[in-house]
Amino acid sequence: HTTITFRQPCITSTAGGVIGNSINATWKSVPLDVYSPQFDKIFCYYLSYSMKSQGKDDDGEDVLRLQPRTASYEPNKFVERTLLLAFGYLRQSLGKDLFHSRFRQHGMNSNERVALAIKLRADNDFYSQINHLKQRGLDLTPQHVESLEPFLPCPKDSDGKVIVNKTGMGSSAALVTSIVGALLQFFGASSLPMIDQEVTAGKENHHEDGLRIAHNLAQICHCYAQGKVGSGFDVSSAVFGSHVYTRFSKSIINKFIEDVEVRNESVKDGLSLAETDSTQLLALVTDADQKWDCTVQPINLPKGLELLMADVCGGSESPSMARKILEWKKQNRETGFLTGYYWKDLKRCNKKIASLLSDQYTKKPFCDGLARDGPLIIASRTAEQWRKPMPSTWHEFDGSSWDVALQLLDLRMAFLESRQNLKGMGTAAGVPVEPDSQTVLADATMKLPGVVAAGVPGAGGYDALFVIYVKGPPTNGGKSDQVRDEIGNLWRDLSNKDDNTVVCPLSVRAAVSGGLCASSLQW
């Protein structure tokens, strides 16, 4: 969540010296403060931008700079590089005069100096909440996790240093996307859908353009901050919500990122953007040449199925694991099967899962049957029991509880085959994609009534687990259900038995609609 306003500049320490703001008389400068209360930090900058009309000979000249206000500061690549490119796009898109007028409208020309203030807040699920639960004497159960107040700060060690334990939910991509979306909305450069608001047809098209602009800009910012062009799935998910994704070609933005990195190698104390960079950035973000070739196919769980995620203490470094898998793939090693067997079969499984969710599970008999018999009949039985005839409140086979349960077994089998491929691939590559400890946890979870599938999400490793299950009868005033509670109880008991395994549920659920949106969250 990113909130933007104008307020008094943060008072900064002069230790190490003060870095100047305005470049010369043709430049304007604005104090820029980025507040991160959960990390107990405030990042203080000067945003400086040229008001000079650029000629053909000025393409290589800087038009925008982001500088720390003091020499003694702690850099943050994801914040700084996102701000540089986001403001660079805004200046180029709006034009220098309109861009400057946006600041004037908020009192930047008054005698009282004010700063553009940005507050960053992350949902609890992005960071481990185990310490907060233990401090409150609460068991690690779904109900207790959801009872925590929002935006809790990260814990600190005995020296006062913030301890950051991520849950692997794509926090850096969410951060970048949130900053980009908030700035675009605040400066009136694009329109985003309002959270939980029904959208009319005309506005929907307008919002689609806004999301497309936000997506392209956030992808460029995130890749620049990472120092490489990744798959882009985390950013795409942050913008569009749940979907099947095909990545964009690296060549679309590679050269631009390299050019900006090379230009800033010689820049001392901050970052800068030249006129030629800004021009390229505008063309890339607006996709003037229609080069972006990524695809997004929305996908959702049917009503009656739910998602539960877990933070598993163990930890793995996703980039290095993914890198080793890709290196193994590149080497094209034989594994006792046909070359590329795991990749091809994994692709088949993923297509099967997508087809079930986007086609078979959208048909009326299935949806009606799941809604009618799911909570009391299907959710009360294990997957083994789904194979046998069961009572139903429906008089025909199509849409009966047994028909729905048999169709859910198709999804279960597809996930099991996917897990087998991932584990086999990891074993062949010498990478713990699904470690034995996670196999034990996932298998135990899949034996519970109502559970369709469980496994290791993302790049794999020791630090997370997902579960898809049939929602049981509601509990806790409708905030939870019996199946969710039983999964939480199992994880709690396993954690209590094994000191090396701590499994903490997250509060995130499957979203019918999701992604980037504007909200009314105040400062």
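Just the heavy atoms: all of them, side chains too, but no hydrogens, waters or symmetry mates, feed the values below. The structure displayed is predicted, hence computed values, not measured ones.
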### Short side-chain to backbone donor-acceptor contact, T167 and F126, under 3.5 Å
yes
### Query
Which heavy-atom pair separates L64 from G88 by the least distance, and what is that distance?
CD1-N, 3.9 Å
### Query
If you take all heavy atoms of L192 and G181, which pair is closest and at what distance?
CD1-O, 3.6 Å
### Message
I'd like to check T246 versus C294 (side-chain heavy atoms, cut-off strictly below 4.5 Å). Are they in contact?
### Response
no
### Query
NZ of K119: more than 12 outside heavy atoms within 6.0 angstrom?
yes
### Query
If you draw the axis of the six-membered ring of Y49, does the NZ or CZ of R91 fall within 45° of it and under 6.0 Å from the ring centre?
no
### Query
Side chains of V114 and R7: does their closest heavy-atom pair fall under 4.5 Å?
no
### Query
Parallel, tilted or perpendicular for Y35 and W523, by the 30°/60° rule?
perpendicular
### From L273 atom CG to L271 atom CG, the distance as rounded to the nearest 0.5 Å
9.5 Å
### Message
To the closest 0.5 Å, what do you measure between CD (E275) and CG (D62)?
### Response
10.5 Å
### Message
Less than 4.5 Å apart, side chain to side chain, heavy atoms only: is that true for I118 and T2?
### Response
yes
### Query
Under 3.5 Å, is there a donor-acceptor pair between the side chain of D463 and the main chain of V312?
no
### Task
For L465 and A442, work out which heavy atoms get closest and say how close.
CD1-CB, 4.1 Å
### Task
Return yes if some donor-acceptor pair links the side-chain N/O of N489 with the main-chain N/O of D493 below 3.5 Å, else return no.
no
### Sub-4.5 Å side-chain heavy-atom contact between V229 and Q219
no
### Query
Does the side chain of H144 come under 3.5 Å of the side chain of S147 through a donor N or O and an acceptor N or O?
no
#### Entry: Atom of L307, atom of R484 and distance for their closest heavy-atom approach
O-NH1, 3.0 Å
### Task
Verify whether one side chain among T445 and W491 offers a donor that lies under 3.5 Å from an acceptor in the other.
yes
### Task
Would you please test H132 and L152 for side chain to side chain contact (heavy atoms under 4.5 Å, CB included) and show each step?
CA-CA 8 Å; H132 285 293; L152 286 170; 3.7 Å; yes
### Query
What distance do L494 atom CG and R492 atom CZ have between them, rounded to the nearest 0.5 Å?
10.5 Å
### Query
Okay, side chain of R65, backbone of L84: is any donor-acceptor separation there less than 3.5 Å?
no
### Query
Out of curiosity, I179 CD1 to R81 CZ, how far, rounded to the nearest 0.5 Å?
14.0 Å
### Query
Can we say D40 and K156 salt-bridge, meaning some charged N sits less than 4.0 Å from an Asp/Glu carboxylate O?
yes
### Task
Using the six-membered ring of Y46, assess whether NZ or CZ of R69 lies under 6.0 Å from its centre and within 45 degrees of the ring axis.
yes
### Task
Please report the shortest heavy-atom distance between Q185 and A518, naming the atom on each side.
NE2-CB, 3.8 Å
### Message
Could you check, using the six-membered ring where one of them is a Trp, whether Y224 and F78 have ring centers closer than 6.0 angstrom?
### Response
no
### Task
Quick one: do L281 and D277 satisfy side chain to side chain contact (heavy atoms under 4.5 Å, CB included)? Show the steps, please.
CA-CA 6 Å; L281 179 61; D277 299 328; over 6 Å; no
### Query
With no hydrogens and no angle check, is any side-chain donor or acceptor of Q38 less than 3.5 Å from a backbone partner on A122?
yes
### Task
Pick out which of L183, L47, V180 makes a side chain to side chain contact (heavy atoms under 4.5 Å, CB included) with L83.
L183
### Task
Please report the shortest heavy-atom distance between L184 and A214, naming the atom on each side.
CD1-CA, 3.7 Å
### Test log, rule side chain to side chain contact (heavy atoms under 4.5 Å, CB included), inputs L284 and I252
CA-CA 8 Å; L284 282 173; I252 296 172; 4.2 Å; yes
### Query
Does S29 use its side chain to pair, donor to acceptor, with the backbone of S48 at less than 3.5 Å?
no
### Side chains of T475 and D481, donor plus acceptor under 3.5 Å
no
### Message
Under a 3.5 Å distance rule, please check whether S495 uses its side chain to pair with a backbone N or O of V503 as donor and acceptor.
### Response
yes
#### Entry: Pair H215 + F248: ring centers closer than 6.0 Å
no
## Note on the structure
dist L94:CG -> L90:CG (nearest 0.5 Å) comes out at 5.5 Å
### Task
Using distance alone, with no hydrogens and no angle criterion, decide if S178 and H1 have a side-chain donor and acceptor under 3.5 Å apart.
no
### Query
Are K166 and S171 close enough that some pair of their side-chain heavy atoms sits under 4.5 Å apart?
yes
### Pair F187 + F99: ring centers closer than 6.0 Å
yes
### Query
Looking at side-chain heavy atoms only, is the closest gap between Y462 and P432 below 4.5 Å?
yes
### Message
Is the positively charged end of R212 above the ring of W292, judged by distance under 6.0 angstrom from the centroid and angle within 45° of the axis?
### Response
no
### Message
Measuring only between side-chain heavy atoms, which start at C-beta, is S36 closer than 4.5 Å to I42?
### Response
no
### Query
Backbone N or O of K161 within a donor-acceptor pair of the D157 side chain at under 3.5 Å?
yes
### Query
Can you check side chain to side chain contact (heavy atoms under 4.5 Å, CB included) on F233 and H243, steps first, answer last?
CA-CA 10 Å; F233 178 61; H243 65 280; 4.1 Å; yes
### Query
Does E146 come within less than 4.0 Å of K479, counting only side-chain N to carboxylate O?
no
### Query
C223 pairs by side chain to side chain contact (heavy atoms under 4.5 Å, CB included) with which of V235, I253, V176, N254?
I253
### Message
To the closest 0.5 Å, what do you measure between SG (C10) and CG (L32)?
### Response
11.5 Å
### Query
How about F39 and Y127: are their ring centroids closer than 6.0 Å?
yes
### Query
Between the side chains of S242 and N300, is a donor N or O closer than 3.5 angstrom to an acceptor N or O?
no
### Task
Give a yes or no on whether the backbone of T295 and the side-chain of Q297 come within a donor-acceptor separation of less than 3.5 Å.
no
#### Entry: Note, K52 side chain near K96 side chain (heavy atom, < 4.5 Å)
no
### Ion pair R263/E258, N-O distance below 4.0 Å
no
### Task
Say whether, by atom type as modelled, one donor and one acceptor occur between the side chain of Q143 and the main chain of N476 under 3.5 angstrom.
no
### Message
What verdict does the salt bridge (Lys or Arg N to Asp or Glu O under 4.0 Å) test give for E149 and R136, after you've listed the backbone C-alpha separation in whole Å, the side-chain angles of each residue and the deciding distance to 0.1 Å?
### Response
CA-CA 12 Å; E149 56 268 36; R136 290 162 171 78; 2.9 Å; yes
### Task
Using distance alone, with no hydrogens and no angle criterion, decide if Y45 and E80 have a side-chain donor and acceptor under 3.5 Å apart.
yes
